[in-house]
Amino acid sequence: QVQLVESGGGLVQPGGSLRLSCAASKMIFSLYAMEWYRQAPGKQRELVARITRGGSTNYADSVKGRFTISRDNAKNTVYLQMHSLKPEDTAVYYCKREGTAGIPDYWGQGTQVTVSS
């Protein structure tokens, strides 16, 4: 079955940077848009960024100009480069394959990002 495995999270100071990775397996990676979500304690899970199969990107207003989503189809990996991190970016970040009607959603296990001084 499809597997998505996030990595790269950790503790970083405000203003710092992290790059998250999501490695996909058992799927034809290049055929799907990929998404990053995040969920902070007590808050709804929110869509952070999306990249289409053709490389077009979309971002939540809260991260525009600071985060960049990219993909390497040869490595079956999607990335989220995060700069100028703020405490409010603290959350568990999840990788997700774009949903398709009638097919289960596939999520990674999540990786914790903590932004604190």
Side-chain angles (χ1 to χ4, degrees):
Q1 66 272 24
V2 173
Q3 279 191 288
L4 302 171
V5 180
E6 301 96 334
S7 62
L11 175 64
V12 64
Q13 292 186 332
S17 299
L18 283 173
R19 188 174 78 157
L20 307 183
S21 299
C22 171
S25 61
K26 299 182 182 178
M27 62 177 276
I28 305 175
F29 181 79
S30 62
L31 295 181
Y32 294 91
M34 298 297 296
E35 301 166 338
W36 284 99
Y37 284 74
R38 67 185 181 187
Q39 187 166 26
K43 293 188 175 181
Q44 295 288 316
R45 188 170 296 187
E46 66 171 333
L47 177 63
V48 174
R50 181 176 185 269
I51 184 165
T52 71
R53 59 191 290 180
S56 297
T57 59
N58 290 278
Y59 301 93
D61 288 342
S62 59
V63 307
K64 282 181 180 176
R66 300 189 297 120
F67 290 11
T68 301
I69 188 171
S70 62
R71 66 193 298 161
D72 186 340
N73 289 345
K75 291 180 165 59
N76 283 5
T77 300
V78 61
Y79 304 95
L80 186 68
Q81 179 68 59
M82 305 184 294
H83 295 295
S84 302
L85 283 162
K86 305 173 181 179
E88 51 263 45
D89 295 318
T90 295
V92 178
Y93 284 72
Y94 298 92
C95 177
K96 179 185 175 291
R97 191 178 81 177
E98 184 177 34
T100 302
I103 299 176
D105 288 337
Y106 292 102
W107 296 84
Q109 84 289 346
T111 185
Q112 176 72 46
V113 172
T114 302
V115 184
S116 177
S117 60

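Fair warning: this is a prediction, and the values are worked out from it, not measured in the lab.
- Counting all heavy atoms, side chain and backbone alike, S117 lies closest to P14 at N-CD, 3.6 Å.
- Inspection of the Q112 and T114 side chains reveals an N or O donor paired with an N or O acceptor under 3.5 Å.
- When all heavy atoms of V78 and F29 are compared, the pair lying nearest together is N-CZ, 3.9 Å.
- Of the possible polar contacts, one joining the T90 side chain to the V115 backbone as a donor-acceptor pair under 3.5 Å is found.
- Residues passing the ring-ring contact (aromatic ring centres under 6.0 Å, His included) test with Y37 are W107, sequence neighbours excluded.
- Using a 4.5 Å heavy-atom threshold, the side chains of V48 and Y94 count as separate.
- Here the closest non-hydrogen pair linking D61 and K64 is OD1-NZ, 3.2 Å.
- Remark: side-chain polar atoms of T52 are paired, donor with acceptor, to backbone N or O of G55 under 3.5 angstrom.
- Annotation: the span from L11 atom CG to Q13 atom CD amounts to 8.0 Å, rounded to 0.5 Å.
- Closest non-hydrogen pair, R38 versus S62, comes out as NH2-OG, 3.3 Å.
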Please test Q109 against V5 for side-chain contact (heavy atoms from CB on, under 4.5 Å), starting from the C-alpha separation and ending with a verdict.
CA-CA 6 Å; Q109 84 289 346; V5 180; 4.0 Å; yes
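- Nearest heavy-atom pair across V2 and K26 is CG2-O, 3.6 Å.
- The backbone N or O of C95 lies less than 3.5 Å from a partner atom in the side chain of E6, making a donor-acceptor pair.
- Residue K96 holds its NZ atom at 9.5 Å from CG of L4, rounded to the nearest 0.5 Å.
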Working note: S17 + Q81, criterion side-chain contact (heavy atoms from CB on, under 4.5 Å); need CA distance, chi angles, decisive distance, verdict.
CA-CA 8 Å; S17 299; Q81 179 68 59; 4.2 Å; yes
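- Atoms OG and CG, on S30 and N76 in that order, are 8.0 Å from each other to the nearest 0.5 Å.
- Of all the heavy atoms in A33 and R71, the pair that sits closest is CA-NH1, 4.0 Å.
- Judged purely by atom type and a 3.5 angstrom limit, Y59 uses its side chain to pair as donor or acceptor with the backbone of I69.
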I'd like to know whether R97 forms a side-chain hydrogen bond (donor to acceptor under 3.5 Å, both in side chains) with Y106, so could you lay out the CA-CA distance, the side-chain angles of the two residues, the decisive distance to 0.1 Å, and finally the verdict.
CA-CA 6 Å; R97 191 178 81 177; Y106 292 102; 5.1 Å; no
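- Distance check: T111 OG1 to W36 CH2 gives 7.5 Å after rounding to the nearest 0.5 Å.
- Follow the hydrophobic side-chain contacts under 4.5 Å out from V63 and you reach L18 in the same cluster.
- Atoms OG and CE, on S25 and M27 in that order, are 9.0 Å from each other to the nearest 0.5 Å.
- Separation of atoms CE (M82) and OH (Y93) is listed at 5.5 Å; rounding is to 0.5 Å.
- Crowding of I28 atom CD1: a count of heavy atoms from other residues, nucleotides or ligands under 6.0 Å not exceeding 12.
- By the 4.0 Å N-to-carboxylate-O rule, D89 lies too far from K86 to be salt-bridged with it.
- Other residues, nucleotides and ligands place more than 12 heavy atoms under 6.0 Å from the CD atom of E88.
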